[in-house]
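Each remark here refers to the structure printed beneath this line.
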2 protein chains.
Amino acid sequence: MDGFDDAETKESDVLTRPDPSLGTVGADQAIRLGPLERSLGFHLRLSQMRAFTDFFETFAGDGLQPGSLSVLILIGENPGIRQGVLAQTLMIKRSHMAKIVQGFGEKGLVARRVPADDRRSVELRLTDKGESLVASTMPKFLAHEAASADSLTAEERQTLLALLTKFHGAKGPAR
Amino acid sequence: MDGFDDAETKESDVLTRPDPSLGTVGADQAIRLGPLERSLGFHLRLSQMRAFTDFFETFAGDGLQPGSLSVLILIGENPGIRQGVLAQTLMIKRSHMAKIVQGFGEKGLVARRVPADDRRSVELRLTDKGESLVASTMPKFLAHEAASADSLTAEERQTLLALLTKFHGAKGPAR
DNA sequence: CCATTCTTGTCCACATGAAAACAATCCACA
DNA sequence: TGTGGATTGTTTTCATGTGGACAAGAATGG
């Protein structure tokens with residue numbers, strides 16, 4: 001496990017550093033992002049991590065994850081939706097969706113129904129328990145959403161939302 | 001493994017569907033997103049998945065992943081950067097960063113150096129091999145970036161970038 | 001100077017998500 | 001009718017990423 005050189009030197013690289021005068025070496029050191037500075041993917045990833053972190057802060061104790069919650073919400077909004085459609089909409093692999101739904105089934109949150117006209121597929125809907133979980137979580141979720149972009153003005157948030165939608169929506173529904 | 005009812009019925013849920021007249025049941029069925037429609041986190045996730053997919057399309061054969069490439073780029077831009085700083089900047093766990101860097105070390109792309117003034121830490125820089133890999137990949141990367149948002153106008157792309165930066169940057173560097 | 005506490009990177013156990021092979025079912029078409 | 005191919009969900013296997021304990025070194029404070 002070592003194609004490594006752990007050389008023990010320390011000279012010459014101050015010159016390549018952005019601004020040696022900053023002194024304090026800590027994490028607040030200015031980092032050159034180079035081409036990443038203008039990379040959409042890069043900033044998307046960072047933004048999503050941020051949103052993720054915020055989510056977990058809000059829903060700390062609830063044992064809920066962003067993905068799971070969105071699945072529940074979508075089932076609630078579209079009773080009888082099929083697993084595959086759900087997976088495609090959320091850009092989750094079908095194999096993964098199977099696991100998620102299985103988990104919800106075991107927790108009694110989601111009921112499966114095999115329609116007579118296509119016995120391969122599975123229609124999903126919330127149980128009463130699932131319904132009430134979503135209902136009770138929703139206010140917290142909405143409050144979280146409202147606060148989530150407190151670094152942006154309302155207008156900026158709106159613009160961001162529109163641009164994101166246009167960005168990911170414009171190329172067809174995620175083959 | 002079955003808190004499940006696999007009932008075999010098929011009635012009554014057409015009523016709850018958005019528009020039964022659409023007929024074709026396929027994936028192009030209109031899905032109600034409900035509160036997700038206006039959720040930043042939701043659209044961020046979808047957008048990132050989209051960017052991810054595009055990235056893999058471009059760099060299919062190169063065995064490169066978005067994360068790995070950004071690590072390499074950042075090391076290239078900041079020779080001597082320490083692992084922890086890198087991890088913090090990219091919002092990657094230190095434990096994971098250790099693995100990544102280890103992999104780069106084994107491939108001879110990155111050299112580690114333990115500075116004399118703090119022998120816990122590890123300074124990273126690209127080897128010649130790493131340098132040339134980044135150099136040869138960069139044009140492709142830049143082209144990819146330029147094309148990545150072809151569903152947006154140049155101005156929209158610029159706005160999106162700025163808003164994302166403001167969004168994730170405004171709350172401090174990811175504690 | 002020593003003891004305590006904090007940092008930095010590493011290791012190991014585990015969770016999360018993806019790729020691919022698979023079984024059941026449906027559909028097209030002869 | 002029935003046969004080959006496509007679709008739908010499941011299973012298995014594997015890569016990727018996280019959490020927590022740890023060891024070595026550095027800082028703090030008497």
Side-chain angles (χ1 to χ4, degrees), chain A residues 1-2 4 6 8 24-29 45 48-49 52-53 56 60 63-68 70-71 80-106 110 112-124 174-175, chain B residues 1-2 4 6 8 10 24-29 45 48-49 52-53 55-56 60 63-71 81-106 110 112-124 174-175:
Chain A
M1 73 196 70
D2 47 353
F4 262 130
D6 278 11
E8 296 253 353
T24 37
V25 199
D28 30 339
Q29 177 97 12
R45 180 170 170 286
Q48 210 219 334
M49 296 300 275
F52 227 76
T53 303
F56 279 118
L64 265 176
Q65 287 177 310
S68 313
S70 59
V71 169
I81 193 174
R82 281 177 301 115
Q83 252 178 245
V85 177
L86 198 49
Q88 192 173 357
T89 303
L90 294 175
M91 284 184 131
I92 291 175
K93 297 295 165 237
R94 290 202 319 252
S95 57
H96 189 205
M97 184 59 73
K99 287 186 194 176
I100 295 178
V101 169
Q102 206 166 354
F104 285 151
E106 288 164 19
V110 167
R112 298 153 32 112
R113 165 183 310 198
V114 175
D117 60 326
D118 184 351
R119 311 218 332 279
R120 293 170 302 183
S121 65
V122 177
E123 291 181 352
L124 304 174
R175 296 282 150 235
Chain B
M1 73 200 66
D2 46 352
F4 261 130
D6 278 10
E8 296 253 352
K10 68 160 207 310
T24 36
V25 199
D28 29 338
Q29 178 96 14
R45 182 171 169 285
Q48 210 220 334
M49 295 299 274
F52 227 75
T53 304
F55 183 95
F56 278 119
L64 267 175
Q65 287 176 311
S68 314
L69 182 57
S70 59
V71 170
I81 192 173
R82 281 177 302 114
Q83 253 179 242
V85 177
L86 199 50
Q88 192 174 357
T89 304
L90 294 175
M91 284 184 134
I92 290 175
K93 298 296 164 231
R94 288 203 318 254
S95 57
H96 188 205
M97 184 59 73
K99 288 185 193 178
I100 294 177
V101 169
Q102 207 167 350
F104 285 151
E106 288 165 18
V110 167
R112 297 151 37 111
R113 165 182 311 198
V114 175
D117 61 325
D118 184 350
R119 311 219 331 279
R120 294 168 301 180
S121 65
V122 177
E123 291 180 351
L124 303 174
R175 295 281 150 236

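It should be emphasised that the depicted structure is a prediction, and the values quoted were computed from it without experimental measurement. The chains referred to below are lettered A, B, ... by the order of the sequence lines, with proteins before strands, and numbering in each begins at 1. Keep in mind that the numbers below use all heavy atoms, side chains included, and drop hydrogens, waters and symmetry copies.
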Taking any heavy-atom pair under 4.0 Å as a contact, classify A/Ser95: base, sugar-phosphate, or nothing. base

Contact between A/Ile92 and A/Lys99 at the side-chain level, heavy atoms closer than 4.5 Å - yes or no? no

Between D/dT18 and B/Lys99, counting only base atoms on the nucleotide and side-chain atoms on the residue, is there a donor-acceptor pair under 3.5 Å? yes

Non-hydrogen side-chain atoms of B/Phe55 and B/Leu69 separated by less than 4.5 Å: yes

Interatomic spacing from NE2 in B/His96 to CE in B/Met91 - rounded to 0.5 Å: 15.5 Å

Distance test, side-chain N/O of A/Arg119 to OP1/OP2 of C/dC27, below 4.0 Å: no

Taking CE from B/Met91 and P from D/dT16, how many angstroms apart are they, rounded to a whole number? 22 Å

Taking the nucleotide of DNA chain D with the nearest heavy atom to each, does A/Gln83 or A/Met49 sit closer to the 5' end? A/Gln83

Please report, rounded to the nearest Å, how far the P atom of C/dG9 is from the CZ atom of B/Arg112. 9 Å

Whole Å only: how far is the CZ atom of B/Arg82 from the C1' atom of D/dG25? 13 Å

In this structure, how many angstroms lie between the C1' atom of D/dT8 and the CD atom of A/Glu123, rounded? 13 Å

Between atom CZ in B/Phe56 and atom P in D/dA15, what is the gap in whole Å? 14 Å

Quick one: does A/Arg94 reach the base of D/dG9 with a side-chain donor-acceptor pair under 3.5 Å? yes

Spacing of A/Asp117 atom CG relative to D/dT8 atom P, expressed in whole Å: 12 Å

Using the closest heavy atom to pick a nucleotide of DNA chain C for each, name whichever of A/His96 or A/Asp118 lands nearer the 5' end. A/His96

Using side-chain heavy atoms (C-beta onward) and a distance below 4.5 Å, is A/Met97 in contact with A/Leu90? yes

Tell me whether the side-chain N/O atoms of A/Gln102 come closer than 4.0 Å to OP1 or OP2 in D/dT11. yes

A/Leu90 CG to C/dA18 C1', straight-line distance once rounded to whole Å: 16 Å

Under-4.0 Å side-chain N/O to phosphate OP1/OP2 contact, B/Gln65 with D/dA15: no

Does any non-hydrogen side-chain atom of A/Arg112 lie less than 4.5 Å from one of A/Leu124? yes

Once hydrogens and angles are ignored, does a donor-acceptor distance under 3.5 Å link the base of D/dT7 to the side chain of A/Arg120? yes

Would you mind reading off the distance between A/Lys93 atom NZ and D/dT13 atom P, rounded to a whole angstrom? 21 Å

